[in-house]
Student: 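My structure is below; once you've seen it, I'll send some questions.
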Amino acid sequence: MKIGYACIPLGVKYSTNRRFLLKNFSEDRFLDTTMANLLDLKKILKYNIENGIYLFRISSDIIPLGSHNINDLQWYSLFKDILKDIGNYIKTNNIRVTMHPGQYTVLNSPNPEVVKKSIKDIEYHCTFLDSINADYKSKIIIHVGGIYNDKYEAMDRFKLNFKLLSESAKKRLIIENDEKSYSISDVLNIGESIAIPVVFDNLHHSLNPSLSPNIKDILHRVSKTWGTKDGPMKLHYSDMAHNKKPGAHSNFVNTSNFLEFYNEVSSLLPDIMLEVKDKDLSAIKCIDCVTPHNVDINNIWDKYKFTVLERSQSLYDKCYNALKSNDVFGLYKEIDKALSMPIKLEYQIHTLKYILHAFEDNLLPKEQNRLLSLINKNEISKAKGLLNRISTKNNLNLTNTYFFIY
DNA sequence: CACCGTCAAGTCGCA
DNA sequence: TGCGACTTGACGGTG
C-alpha cells in the first residue's frame, strides 16, 4: 500500500511547474524550462523516497505546453537520456507515478475540436509516461466530462471517443467520480463497459453520492475494475475544507478521519492519493500514522514545534507529553488541533524570540538586531519573512521545519 | 519586493 | 447569445 500526493512538494523547494506564457514561446525557453523541470522531478522523487513516499502524481506542467499546437518539438527524443534516467529511478525504487490532465480535457464533449484537443492532451500525458518507460500501473486519470443535457448520451460519447486513443493511452486511462455530474455509479458503468479501472474519490462521493451507503461495498465493486497489469486499486482521499465552498480541499489531512478511512479500506490494499493543500506534509503524516514503528517521533516534533507554539502554548505542552510517551498518532492529533487554530500574535512574538535565542550562534548581530527591531515594532510578518530569507541564505536548520509553511 | 491581473484550456448557470 | 464563476499556481508587469 502506497500513500502519495500530487505534483508540488512543500517540504523542499523543487518545482516541476515552471512555465511561460504562450506569447513567450521559443525553442530556447522551452528547452531551458523543460530541463529545469525534469532535473527537479528527479530531486522530488529522491526526497519522496527519503520520506517513505512511493506514490506521486507528476504535474501536467512537466513539459510546458506539452500538448499545445505551438509546440512541435520532439521533447521525448531531445530529453531521452534524462527521461530514461528518471524512469530507471522510478523502477528501481518501486515508485508508482500517475498523471491527471486538468478540467479542460474533456473526452466526451459534443464539440469535435474539444475532443481532438483532449485526445492530444491525453496522448501527451501518455507519451510522457511512455518516454520514462513507465509500466501500465502508471495511470492517467480524468473525469468523465460534461452532461450536455443528456447524461447517457454523454456517457456513450465517452465510450466511443475512448476508442480513438492510442493503444498505450487506452491502457493508461482511468476515470474518477466527480462532485456534481458523474457519481461513482455512473463511472462504474462506463469503466465496466469499456474495461478501464475506476478511481473512487471520497470527497466527490460525499457531495455526489450513489449506490450503497457502505463505502466498502462500493470499493469492492470498484476493485474489480482493476486487473493485475493495472496494479493496486487507486483511491483519492481528502477532507472537506471547513469555512470554504463545499468541495474545496482542506489545508491538511485530519489524522483521525484518515485513519478511520484507512481502517475501513486497508483490507483491499489500495494505493491512496491524498488531495490536500499541504501535499507531502500530510502524506508523511499519514504514512507515519500507518507505520508508527518506523518513525523517529523526535523528527516529527522538530518539524512542527514552532508551528504549534505560534498557535497554542497548551497544545505545545500536550504535544510534548505525546512526544515523551512516543505516541505518534497522539502527537499528530494535537498538531492537527493546532493547525486548525489561527496564529496568535502574542504566541507568534514569543516563538520568534525563542527562535532568535535558539539560533543566536547562527545569526549575525546585524541580522539579530534587524529581526528584533521588526518584532518590537509589531511588524511580525515582515520579521518572519526576513527570518525565512536569512534561514535560506545561511541554510539554517529552521528551513527543515514547517515554520514558514503553515 | 509586495501586489495583482492574466493565463492554453471547457462547462454550466444565469441574465 | 454572451458573460462570469469555477479553480489554480505561476508568470510578469507595476508601484
Side-chain angles (χ1 to χ4, degrees), chain A residues 5-10 12-26 29-30 32-34 36-37 40 44 57-73 75 99-125 140 142-151 153-155 157-158 161 176 178-182 186 201 203-204 207-208 236 238 240-241 244-251 275-280 370 374 379-390 392-393 404-405:
Chain A
Y5 69 98
C7 306
I8 302 167
L10 301 186
V12 281
K13 290 192 173 118
Y14 308 130
S15 166
T16 62
N17 297 264
R18 294 176 191 83
R19 50 184 174 167
F20 44 83
L21 300 187
L22 186 61
K23 62 181 178 188
N24 296 331
F25 185 90
S26 74
R29 185 128 194 201
F30 173 78
D32 290 351
T33 309
T34 304
N37 281 348
D40 272 9
I44 290 170
R57 179 186 302 163
I58 297 175
S59 165
S60 297
D61 285 335
I62 185 78
I63 308 293
L65 302 172
S67 66
H68 198 277
N69 274 331
I70 198 173
N71 183 3
D72 54 6
L73 295 164
W75 49 268
M99 297 186 87
H100 196 341
Q103 59 182 319
Y104 299 109
T105 302
V106 186
L107 192 55
N108 78 340
S109 173
N111 179 340
E113 273 306 303
V114 172
V115 174
K116 201 172 132 193
K117 281 191 248 174
S118 297
I119 289 174
K120 198 168 178 207
D121 194 47
I122 293 167
E123 295 296 344
Y124 147 67
H125 287 84
I140 298 167
I142 62 170
H143 294 284
V144 177
I147 299 277
Y148 316 96
N149 302 319
D150 188 336
K151 189 191 258 191
E153 207 172 274
M155 285 164 73
R157 210 163 37 238
F158 185 97
N161 291 341
E176 174 192 351
D178 68 70
E179 77 278 21
K180 60 173 201 238
S181 301
Y182 293 94
D186 303 322
D201 181 302
L203 182 62
H204 295 158
L207 295 160
N208 184 14
H236 286 179
S238 49
M240 185 108 70
K244 280 191 217 158
K245 292 193 176 61
H249 292 144
S250 65
N251 291 331
E275 296 191 318
V276 61
K277 288 254 169 25
D278 73 353
K279 306 283 185 182
D280 49 323
R370 276 185 70 193
L374 285 173
E379 303 201 43
I380 302 305
S381 62
K382 277 192 186 166
K384 198 167 168 180
L386 179 62
L387 183 59
N388 190 357
R389 289 195 296 281
I390 293 171
T392 306
K393 184 164 65 75
F404 300 113
I405 298 179

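Chain letters run A, B, ... following the sequence lines, proteins first, then strands; residues in each count from 1.
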Student: Give me the stems containing DNA chain C, sorted by first residue, counting only three or more consecutive Watson-Crick or G-U pairs with both distances under 3.5 Å; say none if there aren't any.
Tutor: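 Ordered by first number, the stems with DNA chain C (at least 3 consecutive pairs each) read B:1-7 with C:9-15, B:10-15 with C:1-6.
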Student: Measure from the side-chain heavy atoms of A:L65 and tell me the nearest of C:dG12, C:dA10, B:dA8.
Tutor: B:dA8
Student: Given atom CG of A:D178 and atom P of B:dC12, what is their separation to the nearest angstrom?
Tutor: 10 Å
Student: Please report the distance, rounded to the nearest Å, between NE2 in A:H100 and P in C:dT8.
Tutor: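 After rounding, the gap between these two atoms is 11 Å.
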Student: Return whichever of A:I8 or A:L21 has its heavy-atom-nearest nucleotide of DNA chain C closer to the 5' end.
Tutor: A:I8
Student: When you get a sec, tell me which of B:dA9, C:dG12, B:dA8 is the closest nucleotide to the side chain of A:N24?
Tutor: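 Comparing B:dA9, C:dG12, B:dA8 against the side chain of A:N24, the answer is C:dG12.
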Student: In whole Å, measure the gap between the P atoms of B:dA8 and C:dG13 for me.
Tutor: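 Their P atoms lie roughly 13 Å apart.
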Student: What distance, rounded to whole Å, do you find between the two C1' atoms, one in B:dG10 and one in C:dC11?
Tutor: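 Pairwise C1' distance, B:dG10 against C:dC11, rounds to 22 Å.
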Student: Check the surroundings of atom NZ in A:K116: do more than 12 heavy atoms from other residues, nucleotides or ligands lie under 6.0 Å from it?
Tutor: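 Atom NZ in A:K116 is not packed in, count stays at 12 or less.
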Student: Ignoring hydrogens and geometry beyond distance, is the side chain of A:D61 in donor-acceptor contact with the base of B:dA8 at under 3.5 Å?
Tutor: yes
Student: Take A:G66 and A:P110, find for each the nucleotide of DNA chain B with the closest heavy atom, and name the residue whose nucleotide sits nearer the 5' end.
Tutor: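 That would be A:G66.
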Student: Can you tell me if A:N69 and A:K117 form a side-chain donor-acceptor pair at under 3.5 Å?
Tutor: no
Student: What does A:S109 touch in the nucleic acid at a heavy-atom separation under 4.0 angstrom: a base, only the sugar-phosphate, or nothing?
Tutor: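 The answer is sugar-phosphate, as A:S109 gets under 4.0 Å only of primed atoms, P, OP1 or OP2.
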Student: How close or far is atom C1' of B:dA9 from atom CG of A:N111, stated in whole angstroms?
Tutor: 12 Å
Student: Using whole Å, report how far CD of A:E179 lies from C1' of B:dT11.
Tutor: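 A:E179 atom CD is separated from B:dT11 atom C1' by 12 Å.
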Student: In terms of the nearest nucleotide of DNA chain C, which residue is placed more toward the 5' end: A:F20 or A:H249?
Tutor: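 Closer to the 5' end of DNA chain C: A:H249.
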Student: Rounded to whole Å, how long is the line connecting atom CG of A:L107 with atom P of B:dA9?
Tutor: 19 Å
Student: Have a look at A:I70 and say if it touches a base, only the backbone sugar-phosphate, or nothing, with a 4.0 Å heavy-atom cut-off.
Tutor: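 No contact.
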Student: Please determine which of A:R57, A:K279, A:E275 meets the side chain to side chain contact (heavy atoms under 4.5 Å, CB included) test together with A:Y5.
Tutor: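 When A:R57, A:K279, A:E275 are each tested with A:Y5, the side chain to side chain contact (heavy atoms under 4.5 Å, CB included) holds only for A:K279.
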Student: Report which part of the nucleic acid A:K117 touches: base, sugar-phosphate, or nothing (heavy-atom distance under 4.0 Å, all strands).
Tutor: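 Sugar-phosphate contact only.
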Student: Taking 4.0 Å as the cut-off, does a side-chain nitrogen or oxygen of A:Y148 come that near to OP1 or OP2 on B:dT11?
Tutor: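 The answer is yes; a side-chain N or O of A:Y148 sits under 4.0 Å from OP1 or OP2.
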Student: Between A:R389 and B:dC1, is there a side-chain N or O to OP1/OP2 distance below 4.0 Å?
Tutor: yes
Student: Just the rounded figure in Å: distance from C1' of B:dA2 to CG of A:N388.
Tutor: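 Value for this atom pair: 15 Å.
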Student: Determine, using ring centers only, whether A:H204 and A:H236 are less than 6.0 Å apart.
Tutor: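 No; A:H204 has its ring centre 6.0 Å or more from that of A:H236.
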Student: Among A:T33, A:N37, A:D61, which residue satisfies the side-chain hydrogen bond (donor to acceptor under 3.5 Å, both in side chains) criterion with A:R18?
Tutor: A:N37
Student: Would you say the side-chain atoms of A:D40 and A:S15 include a donor-acceptor pair closer than 3.5 Å?
Tutor: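 Result is no, nothing qualifies.
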Student: What interatomic distance, in whole Å, is found between P of B:dT6 and the corresponding atom of C:dG4?
Tutor: 12 Å
Student: Determine the Euclidean distance between corresponding P atoms of B:dC12 and C:dG9; express it in Å to zero decimal places.
Tutor: 24 Å
Student: Measure from CZ on A:R57 to P on C:dG9 and round the result to the nearest Å.
Tutor: 12 Å
Student: Going by distance alone, is a donor N or O of one side chain under 3.5 Å from an acceptor N or O of the other, for A:S60 and A:H125?
Tutor: yes
Student: Give a yes/no answer on whether the side chain of A:R19 brings an N or O atom under 4.0 Å of OP1 or OP2 in B:dT6.
Tutor: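 Checking B:dT6 against A:R19, no side-chain N or O comes under 4.0 Å of OP1 or OP2.
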Student: Does A:K382 or A:K23 map to a spot on DNA chain B nearer the 5' end, using the closest nucleotide for each?
Tutor: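 It is A:K382, whose closest nucleotide lies nearer the 5' terminus.
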Student: Against the six-membered ring of A:Y148, is A:R157 placed for a cation-pi contact (under 6.0 Å from the centre, within 45° of the normal)?
Tutor: yes
Student: Check the angle between the aromatic planes of A:F20 and A:F30 and answer parallel, tilted or perpendicular using the 30° and 60° thresholds.
Tutor: perpendicular
Student: Taking atom C1' of C:dG9 as reference, at what distance in whole Å does atom CD of A:Q103 sit?
Tutor: 13 Å
